[in-house]
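Below: the structure, in C-alpha cells.
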2 protein chains.
Amino acid sequence: MALTIGQVAAQCGVGVETIRFYEREGLIAQPSRPESGFRKYPPDAVRWVRFIQRAKALGFSLREIKELLSLRVDSAKTCDAVKGRAEAKITDIEKKIGHLQEMKRALVKLTVACRGKRPTSDCPILEALGEGD
Amino acid sequence: MALTIGQVAAQCGVGVETIRFYEREGLIAQPSRPESGFRKYPPDAVRWVRFIQRAKALGFSLREIKELLSLRVDSAKTCDAVKGRAEAKITDIEKKIGHLQEMKRALVKLTVACRGKRPTSDCPILEALGEGD
DNA sequence: ATGCACCCCGTACCATACTACGGTGTCAAC
DNA sequence: GTTGACACCGTAGTATGGTACGGGGTGCAT
C-alpha cells in the first residue's frame, strides 16, 4: 500500500523532483525511510500534493499553501491562533471568489454581446469589472 | 486628464517598471507619445493594470491574462472564435470558483471543529477536499 | 536659467518554483 | 548475479514576473 516517490509523482502528474522540492520546503512531511533510504509514502501523500497543485492554480504561493496546510499541525495546541488564521484565509478566499464571479459575469456578457449585435463598449471585459477592491 | 506612467503606477500600487514590463509583453497597449517621448495614458489604463493584478492573484499567468484581454481586440472580426475562447475561460473560472468553495468549506469546518471539541480527523483541511478534479 | 522631480532606455539582477544533470546506490526480475 | 529501472543526493540551470541601476533627457516652478 505504501508508495515510492515515483508512484506519487506519477499519480499527481508532477515530477519526482517536485516532490523532493516540496519536502525540502516543508510543504509535505518527511516520509518514512526504511533501511535502503528510499522514501515510502502513505496513499494520502497523493492528496497532499494534489492540494498543493490546486492551491497554486488558485493564486496561492507556496508560502501561503504551507500556512494553509500548517493549520492542521498545531490545531490541538493553539486553537485560537489557528482559528484566527483560518478565518483570515476564509476572507481571502471569499475575495477571490468574488473577483472570479466578476470576471465570469464580464465574460458571459461578452459572449452574449457576441451572439447578438456588436458589443457597445470597446472593452466588454473591463466594462463589467467595477473598481471594487 | 491624461496620465504619466508614474501616475498610473501610483494609482495601481505598482512600480513604473512594471508598467513598462507589461507594455513590452504586450499586455497593455502602447500609449501615445507626444514630442518628448513621454508616455501619455488615458485614465482607463489604471483599470487595465488593476485587472492584470487581480487576475494574477487569481492564478492566471500573464500569458492567460493577455489572452483574456485580447478577447476584446478582435471581437468585431472573428466573433465565433472569441466566443469559443471566452466560454473556455468561463469554464476555467467556474472550476476555480468550485475549488475555492471547497477550500472555504474545509476551513469553515476547521474553525467549527476548533470551537467545540478537538477535530476528529488529523487533517480537517484535506478531509473536506474530495478527489474531484 | 537652474533645480529637481520625473521620464527615457537598456541591461542586469532578483525571488519563486521548479527542472535537469551527474554520479552513485538499490531492488527485482530474469 | 547481472541488468535495467528507479531511488539517492547535491548542485546548477530555467522560466516567469518583476525590480534595480546607470546614464541620460524633459518640464515646470522659482
Side-chain angles (χ1 to χ4, degrees), chain A residues 1-43 45-46 48-70 92 96 99, chain B residues 1-43 45-46 48-70 92:
Chain A
M1 215 41 259
L3 304 168
T4 66
I5 192 169
Q7 288 167 334
V8 174
Q11 282 187 43
C12 298
V14 304
V16 164
E17 303 306 320
T18 302
I19 312 256
R20 298 213 304 119
F21 174 72
Y22 289 161
E23 183 182 320
R24 272 201 302 286
E25 299 293 308
L27 280 147
I28 56 182
Q30 309 266 131
S32 68
R33 299 270 205 132
E35 1 107 54
S36 68
F38 283 27
R39 292 168 180 82
K40 274 215 163 305
Y41 291 95
V46 173
W48 286 74
V49 175
R50 285 196 183 148
F51 176 82
I52 295 168
Q53 299 297 303
R54 176 174 300 183
K56 264 195 339 131
L58 296 171
F60 293 97
S61 67
L62 292 195
R63 173 185 304 278
E64 290 172 311
I65 295 168
K66 193 173 166 181
E67 219 181 300
L68 270 170
L69 289 171
S70 79
D92 185 19
K96 280 180 196 253
H99 290 329
Chain B
M1 214 43 257
L3 304 167
T4 66
I5 193 169
Q7 289 167 334
V8 174
Q11 283 187 42
C12 299
V14 303
V16 165
E17 303 305 321
T18 302
I19 312 257
R20 299 213 304 117
F21 174 73
Y22 289 162
E23 183 182 320
R24 272 201 302 286
E25 299 292 308
L27 279 148
I28 56 181
Q30 309 265 132
S32 69
R33 298 269 207 136
E35 1 106 54
S36 67
F38 284 26
R39 291 168 179 83
K40 275 214 163 304
Y41 291 95
V46 173
W48 286 75
V49 175
R50 285 196 184 146
F51 176 83
I52 295 168
Q53 299 297 301
R54 177 173 299 183
K56 264 196 338 133
L58 296 171
F60 292 97
S61 67
L62 293 195
R63 175 185 303 278
E64 289 171 314
I65 294 169
K66 194 173 165 182
E67 217 181 302
L68 270 169
L69 289 170
S70 79
D92 186 20

Identify, between A/Gly37 and A/Val14, the residue whose nearest nucleotide on DNA chain C lies closer to the 5' end.
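Whichever sits nearer the 5' end wins; that is A/Val14.
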Nearest nucleotide by nearest heavy atom, which residue falls closer to the 5' end of DNA chain D, B/Ile52 or B/Phe38?
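Looking at the nearest nucleotide for each, B/Ile52 comes out on the 5' side.
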Hey, which of these two, B/Ser61 or A/Arg39, hits DNA chain D nearer its 5' end, going by closest nucleotide?
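The residue whose closest nucleotide sits nearer the 5' end is A/Arg39.
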Identify whether any heavy atom of A/Arg20 sits under 4.0 Å from a base atom; if not, whether one sits that close to sugar-phosphate; answer base, sugar-phosphate or nothing.
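The answer is base, as A/Arg20 lies within the cut-off (heavy atoms under 4.0 Å) of a base atom.
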Would you indicate what B/Gly15 reaches in the nucleic acid, counting non-hydrogen atoms under 4.0 angstrom: base, sugar-phosphate, or nothing?
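If one applies the 4.0 Å heavy-atom cut-off, B/Gly15 turns out to touch nothing in the nucleic acid.
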Interatomic spacing from CD in B/Gln30 to OH in B/Tyr41 - rounded to 0.5 Å
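The distance works out to 8.5 Å.
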Could you grab the distance from atom CD1 of A/Ile52 to atom NZ of A/Lys66, nearest 0.5 Å is fine?
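A/Ile52 CD1 to A/Lys66 NZ: 11.0 Å, rounded to 0.5 Å.
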Please list, in 5' to 3' order, the outermost nucleotides of DNA chain D lying under 4.0 Å from any heavy atom of chain A.
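Footprint of chain A along DNA chain D, 5' to 3': D/dA7 to D/dG10.
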Do [X] and [Y] have side-chain heavy atoms sitting under 4.5 Å apart?
X	Y	result
B/Ile65	B/Phe51	yes
B/Lys40	B/Pro31	no
A/Ile19	A/Arg39	no

Distance check needed: [N] [atom2] versus [X] [atom1], whole Å only.
X	N	atom1	atom2	answer
A/Glu64	C/dT16	CD	C1'	12 Å
B/Arg24	C/dC9	CZ	P	9 Å
B/Ile19	C/dC6	CD1	P	15 Å
B/Glu17	C/dC9	CD	C1'	10 Å
A/Lys66	C/dT16	NZ	P	12 Å
B/Gln7	C/dC6	CD	C1'	10 Å
B/Lys56	C/dT16	NZ	P	13 Å
A/Leu58	C/dA17	CG	C1'	17 Å

Short N-O contact, B/Glu23 and B/Arg20, less than 4.0 angstrom:
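Between B/Arg20 and B/Glu23 there is no salt bridge, as every charged N stays at least 4.0 Å from the carboxylate O atoms.
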Is the shortest side-chain N/O distance from A/Ser36 to OP1 or OP2 of C/dC27 below 4.0 Å?
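It does, given that an N or O in the side chain of A/Ser36 lies less than 4.0 Å from OP1 or OP2 of C/dC27.
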Test applied, side-chain contact (heavy atoms from CB on, under 4.5 Å); reference residue, A/Leu27; option that passes from A/Leu68, A/Leu62, A/Val49
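Passing option: A/Leu62.
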